[in-house]
Visitor: 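Pasting a structure below so you can have a look.
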Amino acid sequence: MIRIKSPLLRWLLIGLAISFSVGLLGLSFWLVRLDQDVRARYAGVRWVLPAQVYASPLELYPGARISVTELRRELERLGYRASDELTGPGTFAVSGSELRVDTRAFAFWDGVQPEMRLALKSDASGLTSLRAMGSDASIDLLRLDPMLIGSIYPSHSGEDRVLVKLSEVPPLLPATLIRVEDRAFADHFGISPKGILRAAVSNLFGGRGRKQGGSTLTQQLIKNLFLSNEQSYGRKINEALMAILLERHVSKDDILEAYLNEVWLGQDGSRAIHGFGLASQFYFNKPLNELRPAEIALLVGIAKGPTVYNPRKYPERVKDRRDLVLQLMEDGGLIRDDEREAEALTPLGVQNSVAGGVERYPAFIDLVRRQIKGLYREEDLGSEGLRIFTTLDPRAQERLEARIIADLPDLEKNRQLKPGTLQAAGVVTSVEGGEVLAMVGDRNVRYPGFNRALDSQRPIGSLAKPFVYLAALADPGRYNLYSSIADEAIDLKMPNGSRWAPKNYDRQLHGNVPLHVALAKSYNLPTVRIGLDIGVDRVHDLIEAAGLQGPPRLPSMFLGAINASPLDVAQIYSTLAASGYLTPLLAIREVMTKEGQPLSRYSFQLKQTLPEGPVYLTTWAMQKVIEFGTGRWAVSVLPAGQKFAGKTGTTDDARDSWFAGFGSDRVAVVWVGRDDNKPVGLDGAAGALRIWGRLMRDLDARGIDLTPPAGVEEAQIDPVTGLLADEGCAAQVTVPFLSGALPKDYAPCANAGQSSPLDWLKDIFR
Amino acid sequence: MTLFLTVTAARKPRVLTPVALVAVALLAACVAQPTVPTRPESTQQTQPPALPPTTAPAPAPATTIPPLLPTQPSGRPQPSAESFPKTLAAAGTGPAVLALARQAQTFRSAGRPQDALGQYERALRIEPKNAFVWQAMAETHLALHNVEQAESAARKSNSLARGNPWLELGNWRVIAAALGVYGDSPAAQAARTRADEIGSALAASSGGGALPAASAVP
């Protein structure tokens, strides 16, 4: 035993020993606490999983009205790749009129549809044959996987991700990640002393340049999950200790899986792209398991710094980085030399952010967000990974967007307006089922700002008129489609003492006009006359029954002094289009949990709120709007032989240009105007109608079914008098009437009109 | 001769009871109609058909029951009941919708009516005006005790039935059952009477042949 003579030294050593023990004890306590902390925190890691929003899936069946060319477009939108041969799910091959496709498996609400290899043929009318490859049996029906169109992520963190399981990712991805970021991952205990040393030396001599890492994947995960971004030794030590502790509790596979889902891989405005699952969609518009080696190399490469290595901004820098990763892959024996060479020759393949599936349809996603808000808690929407299946029809959406993008500049040119002056919004819905198929809220269709389709409340002008006529036609004792209405000046004293003297749009008076002509030509004075006769309350009630609450109970309502959004208009016109059945317009069909369990389904809801017969008559008059009225321009673009119903809407001084109308399967509403509410010099016919007509043509919308419903009878009418006609009349038109309310008298031109009992006897003996 | 018959056909529906109307309509169906409507001799004012209250969410059923068989436009031959399809398959339905209806039926048999509704909705996206699918949907809603939707879908089917008495029979049965859930109201009774009337008219016209089961969907 060594004897220490100096008492000073002895006390010093004792002191040292005590403080060392205390320190050790303290460290142990701290480590135990840190250990508990790491375990608790890791166990408590709940991935922020924003709700994923899907478009409606395309249904394929023999007879479907889609050509091979359109189908090809659809597949490309879904990120399917064209090749000569099918090489796995997500690939297709076209040869002439035949298309072969290897569809992706997808878990739908009603079950999983497995991957399938199909051969399809089409002609001018649509799909003619659909069969499984290697089989002659025809397939009745099949869905393509729906397009991911966005996510509802929490606004505070902006964190967006699509969760993946390690067992489901291509093995090349984790292998490459380990090769590039942490070669010793399989063997180390959480930190890599060699790596730290290397980094320390490099940082010491590297000056003030970028600091080198040296962190293991485990350390990076700890930092991403639990620690701030601060660069301090204290944080570094904490991070290292926590990494060591985490490795004691969690398997390497779990750490790897967590890393794959946590890592930040890009930024899209306020939205942060986390995890390889979402990054694959974000950059390549396809699922992770369909990535090529070069694409995997790119994603692993940009993990180093998604801002510096933003492939959309710095493609050359990223290509260098990707090729370096490909080289590391080859060095590690993950790919062969010839594979690396071939892969290095491929372009980056990064999709334009606009084309890349997610966040393409801001107006529609906005509607989904609002409709789902009342149904789920916001924190669940942002974090529980719900899968929301919507009604969006990407084909309809694309056509609506294309029309607004193409036609608005034309309208500006025609009116010599400065480019960019006009704004527009549009909505397309299905007639039965009330599904919102497409929505645009800004002429810049990707701009996620003010959504005019939902939020602009503009006077609807003459779009209100059909409800005035509906009220009249529902009173068959007084009105039918040929009732003569006086187009004469009106001067009303209002209850508040003011006077109201509406004028026709053309400032002319037209004498007596048949009721349906007054609607077709959108005459104001006959409309007001009818409205006053029927009563404000009755018209008000019909508009409410059609689905728009709270129109003001004033005569000016007859001419559309009602503020509404394009979606509101779509709602009330849908009720007319669906023969008087109100179906609340919906954007959501189904919601599933992230595990694929059905949560809720929103089925068609309908209720008859308008009388069917009068709605049929009103629709008949609205067909005349297009046949010879204010909407007749549309005849030049709509398919010949098919009937569509609609109405122009123009507000004071032509500030708003509207058109709303429908066939038998589609309702479309278009608004054109200015945000500053200045006159645009366009009435409904010169503005919105142009977009609407071509849109209905592009949508391949079907014309109205002309069979009268129960309770409606058709009769031959003399168009001059509106009375019954027969072969004695030079002109006869077929006009529907409510049953029991046919005209009782014959027109003067009719033979029957002059008939007497004697003629009747002559007839018998003839 | 022809003239007299025409007058009868054109005027009688206004004054006859629904049962008699069936007889007239079926009789009329056998006779070729002239194309010129005849001037009514009577000036008696007929009541305009009562309309559903527009502010109320649902029309009062008692006031909205349309004529038993739809009044055909004057001058057109009245089709016989046998000329109407009795089943979805006979109604010119495409294979995709038939496949979905089969799938829906499987779900219904398996006690998964919600999933069946989903299939019918898929079918309606393909053939939105298929009255048989609307009827099957009404029956499924009824099985789920969604009585309002059962009634609405059955009425929708009637609207699209275009006079098909086989469809109308099934729809009125659904409406009667849906309205009957909350007790035997006059509206429920009226709907049941309507179904019975169509049923007996069909039995009579088809020589007492078997009537279709409530579900016309395979």
Side-chain angles (χ1 to χ4, degrees), chain A residues 59 61-64 109-110 138 140-141 430-433 435 474-477 538 541-542 544-545 579 581 589-590 601 603-614 664-665 705 707-711 713-716 724 726-727 738-742 744-746 752-753 755 760 763-764, chain B residues 1 3 13-14 35-40 43 45-49 51-52 54-59 64 66-67 69-75 94-100 103 107 114-115 117-119 121-122 124-126 128-129 134 137 141 148-149 152-153 155-156 158-163:
Chain A
E59 301 263 13
Y61 51 92
W109 161 271
D110 45 15
S138 179
D140 288 331
L141 177 76
S430 70
V431 167
E432 310 294 351
E435 298 191 317
D475 193 348
R538 185 109 181 89
D541 292 353
L542 284 176
E544 287 211 328
S579 313
Y581 288 80
R589 285 183 186 167
E590 291 130 15
R601 220 177 60 79
S603 60
F604 290 7
Q605 299 287 316
L606 64 155
K607 186 160 263 185
Q608 190 171 10
T609 58
L610 298 177
E612 185 170 15
S664 72
D665 61 349
D705 180 0
T707 318
E713 291 177 54
E714 287 177 334
Q716 296 302 116
L724 294 174
D726 60 18
E727 64 272 20
L738 292 189
S739 296
L742 267 72
K744 275 168 276 298
D745 296 325
Y746 268 80
S755 73
W760 174 77
D763 268 0
I764 290 178
Chain B
M1 173 61 197
L3 192 63
R14 296 177 190 162
T35 49
V36 183
T38 313
R39 179 193 203 170
T43 52
Q45 179 64 53
T46 49
Q47 280 296 107
L51 292 164
T54 49
T55 43
T64 55
L69 290 178
T71 317
Q72 288 299 309
S74 329
V97 169
L98 286 175
L100 287 166
Q103 182 61 45
F107 280 136
Q114 275 293 348
D115 289 326
L117 283 180
Q119 303 305 307
E121 284 165 17
R122 280 177 76 189
L124 288 175
R125 286 182 200 114
I126 295 170
K129 309 281 184 197
W134 279 105
M137 200 154 142
H141 276 303
E148 280 189 9
Q149 283 310 305
S152 289
R155 287 184 188 280
K156 184 84 197 180
N158 266 347
S159 293
L160 298 167
R162 297 292 186 244

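Worth saying up front: this structure is predicted, and the values here are computed from it rather than measured. Order of the sequence lines sets the chain letters (A, B, ...), proteins ahead of strands, with each chain counted from 1.
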Visitor: Using modelled atom types and a 3.5 Å cut-off, is there a donor and acceptor pairing between side-chain atoms of B/Arg162 and backbone atoms of A/Thr707?
Guide: yes

Visitor: Pick one of side chain, backbone, both or neither for A/Glu59, based on which atoms fall under 4.5 Å of a heavy atom in chain B.
Guide: side chain

Visitor: Considering only heavy atoms, which portion of B/Leu124 lies under 4.5 Å from any heavy atom of chain A: side chain, backbone, both, or neither?
Guide: side chain

Visitor: Enter the distance from A/Leu742:CG to A/Gln716:CD here, rounded to the nearest 0.5 Å.
Guide: 10.5 Å

Visitor: Between A/Trp109 and A/Arg589, is there a side-chain heavy-atom distance shorter than 4.5 Å?
Guide: no

Visitor: With only heavy atoms counted, which part of B/Gln119 is less than 4.5 Å from chain A, the side chain, the backbone, both or neither?
Guide: side chain

Visitor: Compare every heavy atom of A/Arg601 with every heavy atom of B/Gly118, then report the nearest pair and how far apart it is.
Guide: CA-NH1, 3.3 Å

Visitor: Among B/His141, B/Gln114, B/Met137, single out the residue with the greatest number of heavy-atom pairs under 4.5 Å to chain A.
Guide: B/Gln114

Visitor: Please look at A/Phe604 and chain B and tell me whether the side chain, the backbone, both or neither of the residue comes under 4.5 angstrom of a heavy atom of that chain.
Guide: both

Visitor: Out of B/Ile126, B/Val97, B/Leu100, which one racks up the most heavy-atom pairs below 4.5 Å with chain A?
Guide: B/Ile126

Visitor: Going by heavy atoms in the side chains, are B/Lys129 and A/Asp705 under 4.5 Å from each other?
Guide: no

Visitor: Do the side chain of A/Tyr581 and the main chain of B/Arg155 share a donor and acceptor less than 3.5 angstrom apart?
Guide: yes

Visitor: Please classify the contact of B/Glu121 with chain A as side chain, backbone, both or neither, using a heavy-atom distance under 4.5 Å.
Guide: both

Visitor: What residues form a side-chain contact (heavy atoms from CB on, under 4.5 Å) with B/Glu148, not counting sequence neighbours?
Guide: A/Lys607

Visitor: Under a 4.5 Å heavy-atom cut-off, does chain B meet the side chain of A/Glu435, its backbone, both or neither?
Guide: side chain

Visitor: Pick one of side chain, backbone, both or neither for A/Ser603, based on which atoms fall under 4.5 Å of a heavy atom in chain B.
Guide: both

Visitor: A/Ser664 versus chain B, heavy atoms under 4.5 Å apart: side chain, backbone, both or neither?
Guide: both

